[in-house]
Amino acid sequence: SIFADGIRYDSPLNGDAFDVQIPLSSGTSLITVLAGTNLDNQSSFFPSSGVNSVRVKSDLTEAKLLVTMTWSQGASDVDLYAIEPDGSAGWYSNPVATTGSLDIDDTDGYGPEHYTMATTPQSGKYRIRVHYFSDHDSDPARFQTITGSVSILLHEGEPDQQDDGRPQFHGVLLRIAARLRQPAMI
């Protein structure tokens with residue numbers, strides 16, 4: 001398992017290697033890798049278990065609005081949609097909206113997918129949608145249940161930074177709506 005700032009990201013082993021995308025915010029992130037353990041069964045720590053941590057500094061521009069989605073299942077495609085007050089939308093087929101953009105379309109599981117705005121968002125209602133597009137497991141007749149989270153961060157790295165408390169989703173669709181009253185409040 002890999003942890004980025006305390007959030008778990010799993011990646012299956014491919015022989016003795018793994019590959020996982022993890023989100024980095026601007027500033028410093030703590031990345032921790034646990035090997036040889038089964039975190040779902042706390043009694044399964046093996047003598048050859050290992051842990052290593054590293055701090056990574058990112059020079060990304062701090063976001064005025066950052067929406068991050070992750071989910072708990074590999075071999076699955078969950079899509080993030082961000083609809084801005086003017087009706088423009090950032091999603092996998094149209095990643096750039098009027099003032100924000102979607103970074104990647106993760107089609108093989110876990111996420112993350114991010115919608116980011118570097119400039120002050122326009123006033124109005126923003127809608128964040130999650131769509132369970134498909135799964136790619138070995139049993140096409142079985143429907144995978146997907147759980148995950150969507151976090152919304154305002155004013156990343158600034159003294160007035162606001163975090164939404166990571167609403168959880170379960171299943172196919174979650175609609176979160178937030179109304180931003182004045183640009184100065186964002």
Side-chain angles (χ1 to χ4, degrees), residues 1-5 7-12 14 18-26 29 31 58-154 156 163-180 186:
S1 291
I2 297 96
F3 292 83
D5 294 325
I7 300 170
R8 179 179 169 182
Y9 300 91
D10 290 320
S11 177
N14 182 7
F18 65 90
D19 182 18
V20 64
Q21 294 181 20
I22 54 174
L24 293 179
S25 298
S26 62
S29 295
I31 310 299
S58 169
D59 60 0
L60 292 171
T61 301
E62 293 177 337
K64 296 294 182 183
L65 174 64
L66 173 63
V67 179
T68 301
M69 176 182 69
T70 59
W71 60 98
S72 63
Q73 188 70 33
S76 60
D77 183 1
V78 181
D79 292 316
L80 178 65
Y81 292 73
I83 299 106
E84 296 183 2
D86 66 1
S88 67
W91 57 296
Y92 72 88
S93 185
N94 181 55
V96 179
T98 301
T99 56
S101 62
L102 188 68
D103 60 355
I104 60 167
D105 177 28
D106 185 323
T107 61
D108 59 1
Y110 302 109
E113 290 190 11
H114 299 99
Y115 172 78
T116 306
M117 222 180 271
T119 60
T120 300
Q122 53 189 305
S123 294
K125 183 177 182 179
Y126 286 80
R127 290 175 292 156
I128 306 301
R129 299 184 73 185
V130 173
H131 178 240
Y132 183 3
F133 185 76
S134 66
D135 63 41
H136 313 293
D137 67 355
S138 59
D139 183 1
R142 183 178 63 93
F143 178 78
Q144 294 187 97
T145 298
I146 303 293
T147 58
S149 68
V150 175
S151 66
I152 300 170
L153 181 67
L154 298 172
E156 179 184 31
D163 191 325
D164 69 339
R166 303 187 62 82
Q168 302 294 306
F169 67 85
H170 181 81
V172 178
L173 180 66
L174 170 74
R175 179 181 284 170
I176 299 173
R179 178 167 293 279
L180 302 176
I186 296 173

With sequence neighbours left out, the residues meeting side-chain contact (heavy atoms from CB on, under 4.5 Å) with Pro95 are Leu102
Would you confirm whether Asn94, through its side chain, and Ala89, through its main-chain N or O, come within 3.5 Å as a donor-acceptor pair?
-> yes
Sequence neighbours excluded, the answer for side-chain contact (heavy atoms from CB on, under 4.5 Å) partners of Ser101 is Val96
Any chance you could lay out the side-chain hydrogen bond (donor to acceptor under 3.5 Å, both in side chains) test for Ser72 and Thr147, step after step, and finish with the verdict?
-> CA-CA 6 Å; Ser72 63; Thr147 58; 2.8 Å; yes
Determine all donor-acceptor pairs shorter than 3.5 Å in which one atom belongs to a side chain in residues 104-112; sequence neighbours excluded.
| from | atom 1 | to | atom 2 | distance (Å) |
| --- | --- | --- | --- | --- |
| Asp106 | OD1 | Asp108 | N | 3.0 |
| Asp106 | OD1 | Gly109 | N | 3.1 |
| Asp106 | OD2 | Gly111 | N | 3.3 |

Say you draw a straight line from OG1 of Thr120 to CD of Gln122; how long is it, rounded to the nearest 0.5 Å?
-> 11.5 Å
Nearest heavy atoms of Pro121 and Lys64, plus distance in Å | CD-CB, 3.9 Å
By side-chain hydrogen bond (donor to acceptor under 3.5 Å, both in side chains) - contacts of Ser88 (at least two apart) | Glu84, Asp86, Thr98
Roughly how far apart are Tyr132 OH and Ile146 CD1, rounded to 0.5 Å?
-> 4.0 Å
Evaluate the side-chain proximity of Tyr81 to Tyr115: yes if any heavy-atom separation is below 4.5 Å, no if none is.
-> no
Candidates Gln73, Glu113, Met69, His131 - the one meeting side-chain contact (heavy atoms from CB on, under 4.5 Å) with Val78 = Met69
Sorted by chain and number, sequence neighbours left out, side-chain contact (heavy atoms from CB on, under 4.5 Å) with Thr116 holds for Ala63, Leu66, His114
